[in-house]
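The structure appears below as structure tokens.
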Amino acid sequence: MFRRSLLLLICILPLVSLTSCFDAKEITEWTYVYSIGMEKGVSDKLRMTIQAPSMRGGKGVGGGSGGSGGGQASDIETITIDCPSFYSGVNMLNSFMSRQINYMHTKYLVFSESLAREGIDSYITGFIRGRQVRRQINVIVTKGSASEFLSEHTTTISSSLSKKQQNMIDQADITGFFSTATYGEMLNAAKSPYSQPIAILAALNNESKFKEGEGTGKTPFKTSGDYYAGELVRKGGSRAEFLGTAVFDGGKMVGELNGDETRTLLMVRDEFKRGFYVEKDPKEEGKFVMVDVRREKSPDIKVRFEKGNPTIDVKIFLEGDILAIQSTIDYESMELKPVLEDAVKRQIKKHLDRTIKKCQDVNSDVFKFGSIAAMHFLTIPEWEDYNWLKRFKDAKVNTQIDFIIRRAGTVLKSSEMWPAEGKKGG
């Protein structure tokens with residue numbers, strides 16, 4: 001009996017081990033999608049757009065048809081389809097493409113603003129069940145059509161679209177004008193009683209604000225971050241701009257922040273790394289001082305309750321280097337350095353107070369204050385009964401900015417110009 005059982009086992013084991021990867025596919029059988037766009041449909045509930053390599057030019061024969069994007073149109077193909085839902089749209093796309101769609105390496109998930117303001121709950125919660133969906137996908141809300149945004153967001157300077165996508169996200173660490181909001185973070189925040197989600201704000205710039213001719217340079221003072229996506233006064237380059245933040249209440253977009261406000265939001269969330277600030281010269285009208293501002297250490301945030309009402313104390317720690325002084329006034333000196341530091345503090349505090357006020361007006365705690373407030377509650381049911389997200393709008397928030405100038409670049413002391421008529425003031 002034992003010998004017969006052993007013989008049977010020896011016969012079965014090779015059958016199991018030799019099944020190999022019966023469901024494996026070759027790389028030439030997939031189409032790897034770079035970006036997915038969603039907006040309200042015209043002929044159906046949803047209009048879905050995918051952006052993928054066309055595999056032309058000797059790189060393989062890709063399937064599919066449809067409109068192609070600008071720039072290197074032969075390398076990138078943008079396809080739009082009206083469908084009832086995302087996964088049904090994937091099936092519909094596979095009905096006329098010779099390669100199976102794979103979104104395992106998707107970098108952007110783009111929603112149109114009109115769809116985001118109506119609510120994207122059903123899309124972000126149902127999307128995650130797919131095995132190919134990664135939580136590191138960057139979530140973007142674009143003003144206007146998502147399909148048009150993706151068609152324009154093709155390669156310009158970078159050699160490939162995937163590289164351009166990653167490079168654009170990396171710019172957030174240099175400017176602070178937008179966040180690196182991911183799908184996983186958004187999903188968690190939308191289901192959390194501690195905070196609300198955010199997304200990257202993007203738009204196409206139509207260059208309508210750029211005026212030809214020779215200007216006077218006499219315009220009202222605006223910082224470099226006092227813009228929303230699509231509003232930069234510029235000409236040339238990619239039309240797609242990433243600038244600002246879309247603020248959500250659950251799965252519904254309820255507000256937006258510009259570049260300066262986004263920086264202060266990231267400072268409170270301890271996600272700000274650095275950014276260039278332009279400040280009015282404290283001692284000479286019409287001139288500016290440029291400062292490279294960086295995070296010094298994590299913010300100090302305390303929440304206390306007085307008769308059930310929350311009070312939040314926020315202290316931000318920053319440091320920076322002087323980049324340029326147009327007036328050549330010696331702000332590197334020990335006497336004038338505090339003057340410039342106070343000016344920068346006032347500007348950042350003004351932006352921070354305005355950002356908190358905007359978010360309280362739409363009752364969206366995107367600062368994650370709730371995660372600190374929750375420490376005052378002994379049990380989770382007690383915390384959930386308090387309903388922080390509903391009470392955030394009534395919280396009193398005190399802010400303080402700590403900023404110090406560390407270095408003055410490669411110039412130790414500013415000196416005035418010396419024209420032919422003699423040194424200014426000499």
Side-chain angles (χ1 to χ4, degrees), residues 23-56 59-142 144-154 161-162 165 183 186-187 199 202 204 240 251:
D23 58 347
K25 287 182 177 293
E26 297 294 332
I27 193 170
T28 53
E29 297 177 75
W30 296 104
T31 291
Y32 289 96
V33 175
Y34 289 136
S35 312
I36 299 171
M38 296 189 195
E39 57 196 302
K40 293 181 184 177
V42 177
S43 303
D44 211 326
K45 181 177 181 179
L46 180 69
R47 174 158 291 182
M48 188 173 82
T49 302
I50 65 163
Q51 200 170 36
S54 64
M55 301 297 181
R56 294 173 182 151
K59 298 176 182 177
V61 181
S65 60
S68 57
Q72 299 177 15
S74 60
D75 293 336
I76 307 299
E77 188 146 19
T78 304
I79 306 172
T80 302
I81 189 169
D82 279 5
C83 52
S85 67
F86 171 76
Y87 286 109
S88 60
V90 171
N91 261 346
M92 293 162 78
L93 288 168
N94 280 326
S95 69
F96 61 92
M97 297 181 69
S98 60
R99 292 170 179 244
Q100 187 175 340
I101 293 175
N102 187 306
Y103 32 93
M104 193 175 292
H105 299 295
T106 299
K107 183 65 74 175
Y108 291 169
L109 180 59
V110 182
F111 293 99
S112 68
E113 183 181 358
S114 61
L115 183 63
R117 287 192 179 274
E118 190 175 271
I120 54 176
D121 321 42
S122 55
Y123 304 107
I124 61 174
T125 54
F127 189 56
I128 191 62
R129 294 179 186 274
R131 293 183 178 181
Q132 295 179 5
V133 176
R134 296 179 308 123
R135 291 174 179 259
Q136 286 76 28
I137 300 175
N138 297 102
V139 180
I140 298 167
V141 172
T142 179
S145 167
S147 60
E148 185 182 355
F149 177 83
L150 290 178
S151 295
E152 292 288 339
H153 191 267
T154 51
L161 181 58
S162 60
Q165 288 179 317
Y183 173 61
M186 185 177 201
L187 191 65
L204 295 177

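Owing to the predicted nature of the structure, the values given are computational and were not obtained by experimental measurement.
- Taking every heavy atom of both residues into account, Phe149 and Ala240 meet most closely at CE1-CB, 3.7 Å.
- Ring pair Tyr183/Phe127 is perpendicular by interplanar angle, where above 60° counts as perpendicular and below 30° as parallel.
- Shortest non-hydrogen contact noted between Thr125 and Leu187 is CA-CD1, 4.0 Å.
- The nearest pair of heavy atoms linking Glu39 to Ser145 is OE1-OG, 3.1 Å.
- With ring centers used as reference points, Phe86 lies under 6.0 Å from Tyr103.
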Inset, instruction - In sequence, state the C-alpha distance, the side-chain angles, and the governing distance for Leu46 and Tyr123, and then conclude on side-chain contact (heavy atoms from CB on, under 4.5 Å). - result: CA-CA 10 Å; Leu46 180 69; Tyr123 304 107; 4.0 Å; yes
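- For the pair Arg99 (side chain) and Trp30 (backbone), a donor-acceptor distance under 3.5 Å is present.
- Under the 4.5 Å side-chain criterion, counting only non-hydrogen atoms from C-beta, Met97 is in contact with Ile79.
- Atom OG of Ser162 is separated from atom NE2 of His105 by 10.0 Å, given to the nearest 0.5 angstrom.
- When the options Ile76, Ile50, Thr106 are evaluated for a side-chain contact (heavy atoms from CB on, under 4.5 Å) with Tyr34, the one that passes is Ile76.
- A search for side chain to side chain donor-acceptor pair (under 3.5 Å) contacts involving Gln165 returns Ser35, not counting sequence neighbours.
- Closest approach of Val141 and Ala199 over heavy atoms only: CG2-CB, 4.0 Å.
- Interatomic distance, OG1 of Thr31 versus CG of Asn94, reported as 8.5 Å (0.5 Å rounding).
- Separation of atoms CD (Glu148) and OG (Ser112) is listed at 12.0 Å; rounding is to 0.5 Å.
- When each of Ile81, Val110, Thr80 is tested with Thr49 by the rule side-chain contact (heavy atoms from CB on, under 4.5 Å), just one qualifies, namely Thr80.
- Counting only distance, with no hydrogens or angles, the side chain of Tyr108 and the backbone of Leu150 share no donor-acceptor pair below 3.5 Å.
- Among all heavy-atom pairs drawn from Ile101 and Val90, the shortest one is CD1-O, 4.2 Å.
- When all heavy atoms of Ser88 and Cys83 are compared, the closest pair comes out as OG-CB, 4.2 Å.
- Listed for the Asp82 side chain is a donor-acceptor partner under 3.5 Å among the backbone atoms of Val42.
- We find the CE-CE distance between Met92 and Met48 to be 8.5 Å, quoted to the nearest 0.5 Å.
- The CD1 atom of Ile140 sits 12.0 Å away from atom CD1 of Ile36, with the distance rounded to the nearest 0.5 Å.
- Residues passing the salt bridge (charged side-chain N to carboxylate O under 4.0 Å, His left out) test with Lys45, sequence neighbours excluded: none.
- The structure places CD of Glu77 at 10.5 Å from CD of Gln51, a figure rounded to the nearest 0.5 Å.
- Residues passing the salt bridge (charged side-chain N to carboxylate O under 4.0 Å, His left out) test with Arg134, sequence neighbours excluded: none.
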